[in-house]
Amino acid sequence: MSASPRTSTEGHPLPETVPPQSPARRRRRLPADERATARTTADRPADRSPDREADRAAAREAAREERRAQQSWVEGAAPELPVRSTPPERVVFHLGPTNSGKTYESLQALAATGSGVYAAPLRQLAQEAHAKLAAQLPEGTVGLSTGEEEIDPHAPIVCCTVEKAPMRGELLVLDESHWVADPERGHHWARLLLTGEYREMHLISAAEAHPLLAPLVTDAARVDVVHHQRLSRLDVLRAPIRTTGVRPQTLVVAFSRKTVYAVAAELDRHRAGRVGVLYGALPPATRREVIERFTTGELDVLVTTDVIGHGINVPAATVLFAETTKFDGTELRPLRSWEAAQIAGRAGRYGLTGHGTVGVLTGVPGLKPSAALVAVGAEVARGDRASDLPERAPRLRPELADLGAFEAVDLPEALVRWQAWARAATRDEAMTPDDVTGLVLRVRALLPLLRGPLGAAGDLQTVWRLVNLPIDHDPPRRTRWLVLARAALRHAVGLPVPPELVLPDVPVGSAVEVYEQAAAGARDAQTLLRQFPGVAGLSSDDAAWVEEECAEAISEMLPDAISISRSGSCVECGTAIAPWFSTCRPCSAPRSRGADGGPGRDGARHGHDGGRGHRGGSRPGSRSGWRQGRRPTRSGRD
C-alpha cells in the first residue's frame, strides 16, 4: 500500500494526487460490449421464445462473469498489507491510567530530541501540547497543524491531529493510541503505526490497549514498556451531592444537549452567572472560550458532555455525574467502565488542583445516576482495576491506488472487491478492514450527477476526493454533503453556484441552536473550500469568518440561554419531570371535549422549545457581512 494521503481536516483521507496505476493494478474486466449486454439485456421484458431464452442465458452468464471479475484480481495485482521500508529503532509504550504523567514524559522526550511530531485525536490536545512546548523551547522551534489552524507547520517539532501527521520523522509521540480501534477514524492511527518511518515512537495509552498496539510495531529493533501510576488521589464521595451543595471547580456530566441545559439551569439558580456549558455542537472557538473561563475561575461549575473526557485538562477538583446512561447512536445504555474512568479522571489533575473527588449529583428531576457505576469508573481511573475497553482490532481502509479502478463508475464494485480481499488478507493479522459501505453509498449518490453536463468534472481522482470529504453523511445531514459535492462539480465545469448554497449567512436574533447549525454549515464549507477553493467565489477564510461570528454570538448568548432554560418541569402544571419531556403524563393525556363542546387539550403545546433553553421566536436573518465585501478579520479558526 502507498503512504497515507495528505489531509486537511479530521475525518477521512483526501488525496490531492494519485500516482498513475501500473497495469498490474488493474482489475480484469469484460469487454465493453459484453458489459453492456450484461447490464441491459438482463432487464428486458419476459419473452419465452427460444431466441429470447438464449439471450437471457447469455446475459446471465455474462453477468456471472462480471461478478467474478468484480470479486477477483489479476494475478499479482491485488493490494498488499501496509508495511514500512525502514522500521523504528525503538518503540516506547507509556501505559497507565489518567493523570499519570504519560503525555508529560513523552513531550519531554520530544523536547530533548528537538525534532519530531506530537499527534493526538483532538485539536484541543494538539493546541495544549503546542502551548506547553512553545513556552519551553526557542521561538520557531514548535509548530501547529490541525487542518484549520497552521502555525509554523514546517518547524522542527510539529503538534498536530493524527490525520495531519507526516509519515516520517525523528520521533513520534502518539497520544490516545487506543483510538486505533475507533470505527470512524482508527484507520489513520493504523496507517501511521504500520507505515510511519520514525526512528523512535512513543505510544501513549491505557494498559488495556497494549494488546491492540503491540502487533503493529513488531518490526521495531527494541520495544520498551513503561508503566505509569496516577500522580494524585481520586476519592469517591460517600453521599450524593445535591444541587445546592455543588462547590467551585466542579465538572458536572450529562450526556445530551437538552440535559446539559436542564442541569445548568438548576445549578444556575444557586450560582447565578457562574455556570457554563460544554457540548459537541458548540463551535470549537466557543468551547475554547468556555474552557478558558472555567480555568481562570470566571466560572465555578462547568456542565459538560463526555467531550471533556478525551484528555482535556482543566483545574477540576470534583467530577459529578448527573446521569450514567448515554445514547451511543444505536441504543440508550449504561456507561462502560472505561468511559466513566476517562471522565472521572479529569478530577484532581496533577499540578492544577489537589487530590480529586468523584460522585453523583441528585436533585435534577428525572435523572438517577448510578453511584456503583461511578465507583467502578474511579477504580479504573486510579489504575486499581482493568477497564472494559472494547476488544476491537485496528482499522484498515483502502487508498485509491489499492482499488484498481479505471474511472469513477468502477468505484462501487472496486470497493466491494477490496473489502472481500481485505477480509481474507487480515484473517490472521492483528487488524480488520473498515466497512466501506459508506463510501459506496456516497459514490452511488454522486454518479447520477455525472451523466449530464457535470460529467466532464467527474474524473476518478475528483470523485474519490469528494466521497472522502469529512462531512457528515448520516441523516438528516446527508443532503448537505451532496449539495456541496454538486457545487464543486458545477464550479469545475464553469457553471454558476449561488454563494448561499455553499456558505450560510450569519443568523440575526435567533436561538443558540440556529447559530450552532450555521457554524456547523460554515465548518462544512471550510472543509469543501480547502479542497476545492473558489467554489461560488468563496474561500475557506470566508467560511472561517462566518463560523467565528457565530461562535462569538453563541458565547454572548450562553449565560442567558442557561438562565432561562427549563430545568425539568411540566409547562402545563409545573410538576417536576425529566428534562427531555415537555409535559407530565397527566397533562399530556388527551382530554375529553368540554361541556361547551370545545376541544380538549393534549398538553404538548406547539412552539415549546423542549427545554433547550434558547431564545425563541425570531427567524434567522442575514448580516450579509462577507456578501457585501466584508473580509474575515482572521484566517481560519477551528
Side-chain angles (χ1 to χ4, degrees), residues 124 242-305 307-308 312 314-320 322 346 361 363-365 367 506-520 546-569 571 579-580 608-621 623 637:
Q124 182 77 25
R242 298 195 63 83
T243 55
T244 55
V246 176
R247 297 179 178 180
Q249 290 190 312
T250 295
L251 298 175
V252 179
V253 184
F255 295 100
S256 72
R257 184 182 185 280
K258 187 176 291 187
T259 308
V260 163
Y261 271 105
V263 173
E266 187 67 32
L267 295 173
D268 190 70
R269 293 169 52 190
H270 311 293
R271 292 186 174 274
R274 306 285 292 179
V275 179
V277 293
L278 187 71
Y279 49 91
L282 289 175
T286 303
R287 277 181 266 168
R288 287 200 303 268
E289 182 175 336
V290 170
I291 290 172
E292 178 65 21
R293 293 180 65 200
F294 182 78
T295 300
T296 59
E298 185 178 344
L299 296 175
D300 290 339
V301 183
L302 187 58
V303 185
T304 174
T305 62
V307 67
I308 198 70
I312 298 175
V314 292
T318 303
V319 170
L320 298 176
R346 300 306 103 196
L361 179 74
V364 181
L367 302 184
V506 180
V508 174
S510 297
V512 170
E513 190 172 16
V514 176
Y515 282 95
E516 290 170 359
Q517 292 169 353
V546 171
E547 183 185 5
E548 183 176 342
E549 289 290 298
C550 291
E552 290 177 359
I554 292 170
S555 297
E556 294 173 2
M557 296 170 66
L558 280 181
D560 288 342
I562 293 170
S563 65
I564 66 175
S565 293
R566 179 179 56 82
S567 57
S569 59
V571 296
W580 47 85
H608 179 64
D609 68 358
R612 287 175 284 201
H614 299 147
R615 293 170 176 156
S618 58
R619 298 180 60 184
R623 292 184 184 177
R637 289 176 60 181

Is a side-chain N or O of [X] found less than 3.5 angstrom from the main chain of [Y], in a donor-acceptor match?
| X | Y | result |
| --- | --- | --- |
| R274 | E298 | yes |
| T286 | A551 | yes |
| R287 | L282 | yes |
| T296 | E292 | yes |
| D300 | V275 | no |

V301 pairs by side-chain contact (heavy atoms from CB on, under 4.5 Å) with which of L320, V263, V246?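 The passing option is V246.
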
Out of L302, I308, T318, which one pairs with R346 under the side-chain contact (heavy atoms from CB on, under 4.5 Å) rule?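 Of the listed residues L302, I308, T318, the side-chain contact (heavy atoms from CB on, under 4.5 Å) partner of R346 is I308.
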
Taking all atoms of both residues into account, what is the closest heavy-atom pair of [X] and [Y], and its distance?
| X | Y | answer |
| --- | --- | --- |
| A254 | T259 | CB-CG2, 3.7 Å |
| V252 | A322 | CG1-CB, 4.0 Å |
| A561 | V512 | CB-CG2, 3.9 Å |
| E547 | P284 | OE2-CD, 3.3 Å |
| L299 | G273 | CD2-O, 4.1 Å |

Do E556 and Y515 have side-chain N/O donor and acceptor atoms under 3.5 Å apart?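 Result is no, nothing qualifies.
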
How many angstroms lie between [atom1] in [X] and [atom2] in [Y], if you round to the nearest 0.5 Å?
| X | Y | atom1 | atom2 | value |
| --- | --- | --- | --- | --- |
| E516 | Y279 | CD | OH | 3.5 Å |
| M557 | E513 | CE | CD | 11.0 Å |
| I564 | Y261 | CD1 | OH | 9.5 Å |
| F294 | E289 | CZ | CD | 15.5 Å |

Going through the checks in order, is the side chain to side chain contact (heavy atoms under 4.5 Å, CB included) test met by V364 and T243? CA-CA 8 Å; V364 181; T243 55; 4.0 Å; yes

A side-chain contact here means heavy atoms from C-beta on lying under 4.5 Å apart; do T304 and V260 qualify?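 Contact flag for T304/V260 side chains = no.
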
Do R271 and P248 come close enough that some side-chain heavy atom pair is under 4.5 Å?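 Result yes, sub-4.5 Å side-chain heavy-atom pair found.
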
